[in-house]
There are 2 protein chains.
Amino acid sequence: MPLDRSIIARLSLFEGLGPAELDSILRDARSVRFAKEAAIFEQEAEARSFYVLLAGHIRVVRTTPDGRQVIARYISEGEIFGVAAALGRLTYPATAIAAVDCVVLVWPNAVWPDLSSRFPVLTAGTFKTVGARLQDTQARVMELATEQVEQRVASALLRLVKQTGRKTDAGIEIDFPISRQDIAEMTGTTLHTVSRLLSAWEERGIIVSGRQRVTITDAHRLVMLAEHRDG
Amino acid sequence: MPLDRSIIARLSLFEGLGPAELDSILRDARSVRFAKEAAIFEQEAEARSFYVLLAGHIRVVRTTPDGRQVIARYISEGEIFGVAAALGRLTYPATAIAAVDCVVLVWPNAVWPDLSSRFPVLTAGTFKTVGARLQDTQARVMELATEQVEQRVASALLRLVKQTGRKTDAGIEIDFPISRQDIAEMTGTTLHTVSRLLSAWEERGIIVSGRQRVTITDAHRLVMLAEHRDG
DNA sequence: GCGCCAATTTGCGCCAGCGCAAATCGCCTG
DNA sequence: CAGGCGATTTGCGCTGGCGCAAATTGGCGC
């Protein structure tokens with residue numbers, strides 16, 4: 001049963017492609033479901049496929065030789081990921097884990113050169129995605145190098161709500177389960193420090209939070225915290 | 001006076017291209033010389049060109065809104081850089097400064113789509129470079145997030161000697177002037193701490209250093225320092 | 001060869017944030 | 001609805017490394 005082109009037609013990565021072209025691209029793909037906390041691919045494993053996330057949220061984690069983990073980024077719907085091979089790598093540099101139940105499209109790497117040359121839009125879009133990632137990553141280096149923990153955590157939350165925020169009556173909620181530990185691994189600190197910060201912010205009415213859940217109620221003040229050292 | 005193809009024939013970026021193709025690529029380029037400490041392009045400036053470094057070393061620096069600087073990377077001979085436009089950006093994300101007198105090739109951005117489609121090797125090579133950079137940058141995030149200052153400085157020195165090391169009778173020397181401040185801006189610390197570390201290492205015979213100059217005399221012990229917390 | 005200036009070194013005090021440990025809390029399961 | 005477990009909170013003490021400031025050094029221009 002072939003995949004319906006409607007599932008990718010709306011994605012910016014495939015913008016400007018006609019129905020026949022979309023079908024042609026989909027012919028090489030298959031759709032796969034991953035349960036929450038399942039690994040889509042693992043760090044160091046041979047890169048055999050690249051992916052597009054259709055539904056869900058994915059956590060990309062790198063582990064150091066001594067077992068410490070750092071969250072490289074979260075992937076949202078519509079994004080292409082796992083493009084290691086296109087970047088000239090033989091293995092995945094990180095592990096991708098479904099933060100919630102997910103649906104992804106999978107292409108075997110072998111079709112990349114062909115797809116890439118037949119659809120320059122796709123190449124350009126992938127360049128753009130990778131470029132944006134390089135940007136983000138460098139911005140994080142800047143943050144880690146120059147900012148205090150409080151600023152970094154505030155920025156991380158703001159980035160998350162911007163990327164995946166869902167309006168609720170209390171404010172904007174991060175749309176998937178995220179623990180203090182996760183936030184610590186995004187910002188280079190410990191879950192203890194994150195917990196203390198979130199508690200203090202909750203006290204001041206900037207956020208409300210619970211188990212694996214954070215809602216920003218006063219984004220403006222959080223921005224102040226992220227930028228300055230007041231709030 | 002047209003540029004001679006021999007100046008780029010040896011670069012891996014242009015590997016596999018024939019004489020006519022090299023000439024064709026060079027037709028759009030011009031060669032420019034930059035004096036030490038001159039800026040090749042500036043952060044936030046409109047991205048009009050992309051570059052290949054023919055001779056010298058370039059320091060890529062990002063400045064925060066409040067004026068703090070972080071060295072994103074050093075560019076070595078043969079590398080393509082300033083590819084902001086190919087990545088879908090309108091401005092340069094950082095400032096590029098000649099660490100020593102440099103010679104670069106410059107292409108106007110306008111020719112990229114054409115070159116890229118005519119020479120897939122070039123596209124792939126650029127992908128590869130950008131991918132490697134993304135790798136490096138993420139490795140730095142890991143370091144900043146999980147390692148102590150001593151490890152980070154040791155790793156930075158090792159990366160520099162690997163990239164640009166020049167053998168001397170005392171050991172391997174970093175091939176361009178680099179200050180304590182520069183090292184601090186690469187590792188997210190202060191020149192004071194870097195100075196203290198280098199002094200201690202010199203005491204222990206691991207390096208010798210002077211004004212804007214560092215030579216590794218015992219790389220093995222530096223690797224130990226970078227990995228562990230002994231040495 | 002002298003003087004100037006930037007780069008480097010080093011001492012000292014302080015504090016943000018980590019490590020450790022213990023207590024709670026919420027959810028999910030049986 | 002009790003039990004169990006992982007997530008979270010919070011107290012406490014310690015320290016790596018920063019900020020400040022002053023002294024010293026090495027090289028370069030004149």
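Every chain is numbered from 1, with letters handed out A, B, ... down the list of sequences. The basis for the numbers below is simple: all heavy atoms, side chains too, and nothing from hydrogens, waters or symmetry mates.
Separating the CD atom of B/Gln148 from the C1' atom of D/dG17 is a distance of 10 Å, rounded to the nearest angstrom. B/Leu144 has its CG atom 14 Å from the P atom of C/dC18, to the nearest Å. For the pair B/Ile178 CD1 and C/dA6 P, the computed distance is 20 Å after rounding to whole Å. Per the geometry, NZ belonging to B/Lys36 stands 13 Å off P belonging to D/dG27, to the nearest Å. Separating the CD atom of A/Glu150 from the P atom of C/dG17 is a distance of 8 Å, rounded to the nearest angstrom. Spacing between atom CD1 of B/Ile183 and atom C1' of C/dT9 amounts to 14 Å, rounded to whole angstrom units. Taking atom CD of residue B/Gln212 and atom C1' of nucleotide C/dC5, one finds them 13 Å apart after rounding to whole Å. As rounded to whole Å, 9 Å separates atom P of D/dT8 from atom CD of A/Gln181.
Looking at the side chain of B/Arg196, the nearest of the listed nucleotides C/dT10, C/dT8, C/dC18 is C/dT10. Distances were taken from every side-chain heavy atom of B/Arg211 (C-beta onward) to each of D/dG26, D/dT9, C/dG17; the shortest belongs to D/dG26. Among the nucleotides C/dT8, D/dT8, C/dA16, the one closest to any side-chain atom of A/Leu191 is D/dT8. Nearest nucleotide to the B/Thr193 side chain, out of D/dT8, C/dT8, D/dC18: D/dC18. You'll find that the side chain of A/Ser195 is closest to D/dT9, out of C/dC18, C/dT8, D/dT9.
Judged by distance alone, the side chains of B/Arg180 and B/Ser209 do bring a donor and an acceptor atom under 3.5 Å apart. Between the side chains of A/Arg89 and A/Thr91, at least one donor-acceptor pair of N or O atoms lies under 3.5 Å. Side-chain contact annotation: A/Thr126 with A/Thr129, donor-acceptor N/O pair under 3.5 Å absent.
A donor-acceptor contact under 3.5 Å links the side chain of B/His192 to the base of C/dT10.
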Self-check item: Worked check of side-chain contact (heavy atoms from CB on, under 4.5 Å) between B/Gln151 and B/Glu143
Solution: CA-CA 8 Å; B/Gln151 276 77 357; B/Glu143 265 188 32; over 6 Å; no
Exercise. Start with the C-alpha distance between B/Gln163 and B/His57, add both sets of side-chain angles, then the distance that settles side-chain contact (heavy atoms from CB on, under 4.5 Å), and finish with yes or no.
Key: CA-CA 11 Å; B/Gln163 193 186 345; B/His57 293 281; over 6 Å; no
Quiz item: Stepwise, does the side-chain contact (heavy atoms from CB on, under 4.5 Å) test hold for B/Val208 with B/Glu202?
Solution: CA-CA 5 Å; B/Val208 295; B/Glu202 187 143 14; 3.8 Å; yes
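Along DNA chain D, the nucleotide nearest to A/Glu202 and the one nearest to B/Gly188 differ in position, and the one closer to the 5' end is contacted by A/Glu202. Closest-nucleotide positions on DNA chain C for A/Arg68 and B/Val194 were compared, and the one nearer the 5' end corresponds to B/Val194.
With values rounded to the nearest 0.5 angstrom, A/Leu160 atom CG is found 12.0 Å from A/Lys162 atom NZ.
Between A/Thr189 and the phosphate of C/dG17, there is no side-chain N or O to OP1/OP2 separation shorter than 4.0 Å. Not one side-chain nitrogen or oxygen of B/Arg180 sits closer than 4.0 Å to the OP1 or OP2 atom of C/dA7. For C/dG19, neither phosphate oxygen OP1 nor OP2 lies less than 4.0 angstrom from any side-chain nitrogen or oxygen of A/Thr190.
The bend of the helix from C/dG1-D/dC30 to C/dG30-D/dC1, defined by the angle between the axes of its first five and last five pairs, stands at 50° to the nearest 10°.
Between the side chain of B/Arg140 and the main chain of B/Ala72, a donor-acceptor pair closer than 3.5 Å is present.
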